[in-house]
Structure formats: structure tokens, C-alpha cells
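Notes follow once the structure below has been shown.
Per chain, numbering begins at 1; letters A, B, ... match sequence-line order. Just so you know, these numbers come straight off a predicted model, no measurement behind them.
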Amino acid sequence: MVIIKDICKSFNGKRVLNSINLDFCDGEILTIVGKSGVGKSVLLKLVVGLIDSDSGSVNVDSILLDKNTVYNIRKKIGFVFQSSALIESLSVEENIGLALRYIYNLDDDTIKRKVIETIRMVKLDEKVASMYPSNLSGGMLKRAAIARAIILKPKYIFYDEPTTGLDPIVARAIEELILSLNNKLNTTSIIVTHDINSAVGISDRIAMLSKGKITFSGTVGDFNKTENQYVKEFKAAYFLKQEK
Amino acid sequence: MVNALDLEIILMILSLFPNKFLYFLNNIGGIYYTLFHSMFKKHGIFKKTNLIINEVIEIGIGSIGVVSIASILGGLIAVFLIQDRLGSYIPEYFIIEAVAKSVIIELGALGASIALVGRAGTRITAEISTMKVSEEIDALKTMAIDPYDYIVFPKMIASFISYPILIVYSQFLFIFGAMIYIVFIHGFGIQSFLFGIRESFKMIEFAQSMVKGIVFGAISTSISCYFGLSASKGAKGVGEATTTAVVYSVISIFLADFMIIKIFSIW
């Protein structure tokens, strides 16, 4: 379980996160929704120690995140970046097997076997393994990034805007993949998105981040019928955009 | 020695630009951190053999062209200037000795290192800063891979190997350039030229150039990596990081050069 307690973060004097309290429960799919620039990605990056908070604490499985524990905590977390962030100079196979080679010192045959296994799991063609990220489409990049995140069978997978920039068909396929991986690997998935349809479609729980605070947290059912002002405004703006 | 008044004047000048001074201090701290954090960590050097070989190819072999051209031309220019300005006052033997000494002690190491900053240093900063802005560095961190270990360490080792070798190569080509002028243009005997070179060679001066190679390699690579890792977002950030790295590298190499010469002058 991940427990975020009283996290605050400012950039250039502007408070982005203001005393955030949130738990990620084991096995659930939690989606954090909110407007662009509200600090959703910052919150995810704080939990893996990519950004330091100004105050507050993060506990991952009862271990306090700090400079001494951050590398061990990261081994429990897979992170899928919005930009996919595959290493451009490495092939897809090398990207996916990177942690196995440099953290777990596995031999080449074992790495290859595990990489192919993972590539199949994310429904990528095996031919993609030898290709370089610059030759992949958006959907393939996202699948490769997911493969890299899950190869160590992490307990938690963080997805930063996993469907942004993808066409609706590929976006739905990625959502289905997230759902199936969550069931197959029995992981806890935390998704950051501003796509309400996606959030409602795959989440167990939705949290709304606005004005630096968690203004709503509840099940999909609660989210659909809530009278929360922030949720209603966000939904109205989202569906208005969809209609246009 | 700096007396109290000098120190007061220096501090007064620095206080006029407090932000610039703090930025400079912050960078110096960052460069030291990059150097020591990458080098004095527990490394699995054998599992990084491929990465180190790749970097030797990029930094060392990739820079042979620019070092060759700069060194041959440098040798030609050095001997031409000495011959042109002093040729009528000193015997030709001394011209050869002057060229050989200046190449072994100074020009070979400095020339090769500045060429390497331009070729390899800029590549390192541009590569790392692009990785930084495209979140590849963050991706490494989330996989529990330390970028100082995976990216900086192989480049440092490759620099320790490449810089001294390229400096020897540069010294050879500097002298070759000088020989082209003295033997083929000026008509001095090749045997006499080689005798002059042999006579003026001192092991301690050659050792000094090797020390410079290692120190300049460490300076240039740690500065290039530091500014790459601290690049801000966007193409502008990549450009700024590369420019600043070159400026810091060149100034630091000249400073280190002066200090090494001072230290070796004790012997």
C-alpha cells in the first residue's frame, strides 16, 4: 500500500500540490483526473522520488521514501511515461531488458527469453524487438514502454497519461491492456489522465485533483453521481469538448 | 598570496553579481559531485564493458579526424612562427628543440584536449541533455538504474583511456607537421631533425603531458555530463547546456594546465 501524507510542492513560489493525502490500495486501479497542469504527473513523480516534495511523506509498503530507500522502492514500481521515454539509442529489446541486465545481472539468454515473453504479453509483434524507438508508431511505443515497466513484475505500475496523443481505437486497446495486465500480474495500477471516459471505463476508484488538493475520491459509481462542484465542472468541460 | 585588502576587493566585486556567483558555485559543486559520484561508487565494470567500448569508439576513434587536422596544422604553424621570427637569431637545432619541447609539454595536450572538447564534449552534453528533456534519464531512475553509473561512468573511463592516447597521437602529428615544414620546405636534413627531437625529449615532460591527458579528460567529461544532466526543458535547454559546457570546459582546462605546469616546475 502507498500512503501519501500531507505532501506539498511548489515551483518558483507557486504552490502546485497543497497538503495532498491519498492512499493507493493493493490490487486496485486508481485513476487521478484533473485539468492539465494541475500537478497530476508531479504527484506520480513525487511517489517514485523523481521530484522531492517540500513537505509531507510517502510510505510504500510501510517504508518511508527517502534518499536511502528510493532505489529499493523503485524496484517495486513500474513507470510508464507520457512520452514513453524509451532510450533512443537502444533497440526495443535492449530497452525492455535494461533493468534485467544492469540491476539483476541476468545472462543474455534469460534476458532474451523474458523480453520476448513480455513483448507477447503486451501484444506487440516479436519483430519489433530489434527495432529502434524512432521507427515505432505511437501505440507501439506505448506498448513497448508498458513492457519495460512490467518486465520486473512490479507491485505498482504508474501510468502517466497512457492514452494521450493516441487515436481512439489505439487508446481503447491500451486501456484494455492495462486492465488485463492488472488482472494477470495482480498489480496496483495508478493512472493519471484527463480522459474521463478512460477513467470511468477501467478504474476501481477515481480521485480528482484540482487547485492543489484532492477534491474528490471515490468509486466510479460515486464519481458518476457526485454533486462535487469540481467534478461537475470538469465533466461539463470535458463532455462539451467531446461534443465539439 | 591574497592579502586582506585583495580579498575584500574580490568579495566586493562578487557581491555585485550575487546570482551569477551563486550559479557558478552551484555548478562547481555539481561538477565535483558528477565526477566523484560516478567514479567512487561500487561499479560492475565488467558488465559495462560494451558501454565503455562504445564510448571509446565515440570519444576516441570518432575524434581522430579533428585531432589529426588540428595537430598537423598546429605543428606547421608553430614551426613557421618560430622560424619566421627567430630563424635569423638562433641555429636551426634550437628551432627543432623549441618545437619539440613546446609540443611535448604544452601544445600536444592542450591542442588535442580543446579539439576533444569541441568534438566529444559537445556530443556528450547534447546527448545527455536530449535524454534529460525527453525523460529518458527519469526513465532510467524509475528502473532503479543510476544515470551516473549507467551513463557518466562509461564516458569517464573512456575519457581516461582516449585522452592520453590521443594526446600522444597529437604530439606525434604536431612533430610530423613541424617536420613537413622543416625538412620538406626548409630543406633541413631528416636525420638532424630526428636527432634534435631525440635530444630534446625528457621523460618527465612526457609524463606531465600524460597527467594532463587524464586530468583534462576528467574535467571535460564531468563538465559535459553535469551540464547535460542539469539541462532544462526544450531545445533551448539543450543548446544552453552545450554552450555552457564548452565554456566551462575550456576555461577549466586552461586553469588545470597552469596548475599542472606549476606543480611539475617544482621538479
Side-chain angles (χ1 to χ4, degrees), chain A residues 11-12 41-42 44-51 67 69-90 94-108 111 133-134 141 144-152 154 156-161, chain B residues 19 23 33 37-38 41-55 57-59 62 123-155 157-158 225 228-235 237-238:
Chain A
F11 290 102
N12 300 324
S41 301
V42 172
L44 276 196
K45 287 178 181 177
L46 276 164
V47 178
V48 283
L50 290 177
I51 297 174
K67 279 190 175 138
T69 58
V70 68
Y71 273 89
N72 282 330
I73 285 176
R74 282 173 184 167
K75 287 177 186 171
K76 297 180 176 196
I77 300 171
F79 200 112
V80 181
F81 286 83
Q82 184 176 354
S83 60
S84 298
L86 295 178
I87 313 289
E88 288 287 332
S89 57
L90 302 179
E94 289 167 328
N95 261 290
I96 297 171
L98 201 58
L100 296 177
R101 185 177 303 280
Y102 291 104
I103 301 297
Y104 293 94
N105 300 324
L106 299 183
D107 60 87
D108 288 351
I111 292 172
S134 54
L141 275 174
I146 293 172
R148 187 177 64 179
I150 64 167
I151 192 145
L152 296 178
Y156 305 95
I157 308 177
F158 293 177
Y159 299 90
D160 188 3
E161 305 275 9
Chain B
N19 290 340
Y23 173 72
Y33 179 81
H37 185 67
S38 63
K41 252 196 98 190
K42 194 179 147 202
H43 294 285
I45 191 162
F46 294 111
K47 67 180 174 184
K48 294 192 189 70
T49 312
N50 282 344
L51 294 174
I52 293 169
I53 291 169
N54 285 343
E55 290 302 332
I57 291 168
E58 287 288 348
I59 295 171
R123 187 193 70 84
I124 290 171
T125 313
E127 180 193 327
I128 298 178
S129 52
T130 307
M131 289 179 80
K132 173 87 189 303
V133 300
S134 59
E135 293 185 308
E136 291 175 36
I137 301 287
D138 281 348
L140 286 174
K141 289 180 184 169
T142 58
M143 288 186 277
I145 296 173
D146 184 353
Y148 289 94
D149 186 38
Y150 178 73
I151 296 173
V152 180
F153 175 71
K155 291 184 197 305
I157 297 296
C225 290
L229 286 168
S230 49
S232 52
K233 289 267 179 190
V238 175

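Side-chain contact between Ile52(B) and Pro154(B) is present, with heavy atoms from C-beta onward closer than 4.5 Å. Under the 4.5 Å side-chain criterion, counting only non-hydrogen atoms from C-beta, Thr142(B) is in contact with Phe81(A). Between Lys48(B) and Asp149(B), some side-chain heavy-atom pair lies under the 4.5 Å cut-off. Side-chain contact between Ile151(B) and Ile137(B) is present, with heavy atoms from C-beta onward closer than 4.5 Å. Side-chain contact check for His37(B) versus Asp146(B): some heavy-atom pair is nearer than 4.5 Å.
Residue Asn72(A): no heavy atom, backbone or side chain, is found under 4.5 Å from chain B. Interface residue Leu98(A): backbone and side-chain heavy atoms are both found under 4.5 Å from chain B. Both the backbone and the side chain of Met143(B) come within contact range of chain A, with heavy atoms under 4.5 Å apart. Residue contact with chain B, scored on non-hydrogen atoms closer than 4.5 Å, involves the side chain of Leu50(A) exclusively. Using a 4.5 Å cut-off between heavy atoms, Leu100(A) does not touch chain B at all.
Of the possible polar contacts, one joining the Arg74(A) side chain to the Gly49(A) backbone as a donor-acceptor pair under 3.5 Å is found. Remark: the backbone N or O of Ala85(A) is paired with a side-chain donor or acceptor of Arg148(A) at under 3.5 angstrom.
Ranked by non-hydrogen atom pairs under 4.5 Å with chain B, the options Val80(A), Val48(A), Ile73(A), Leu86(A) are led by Leu86(A). Of the listed residues Ala99(A), Gly78(A), Ser89(A), the one with more heavy-atom pairs under 4.5 angstrom with chain B than any other is Ala99(A). Residue with the most contacts toward chain B among Leu152(A), Asn105(A), Ile151(A): Asn105(A) (heavy-atom pairs, distance under 4.5 Å). Most heavy-atom pairs under 4.5 Å with chain B, from the set Glu88(A), Gln82(A), Lys75(A), Arg101(A): that is Glu88(A).
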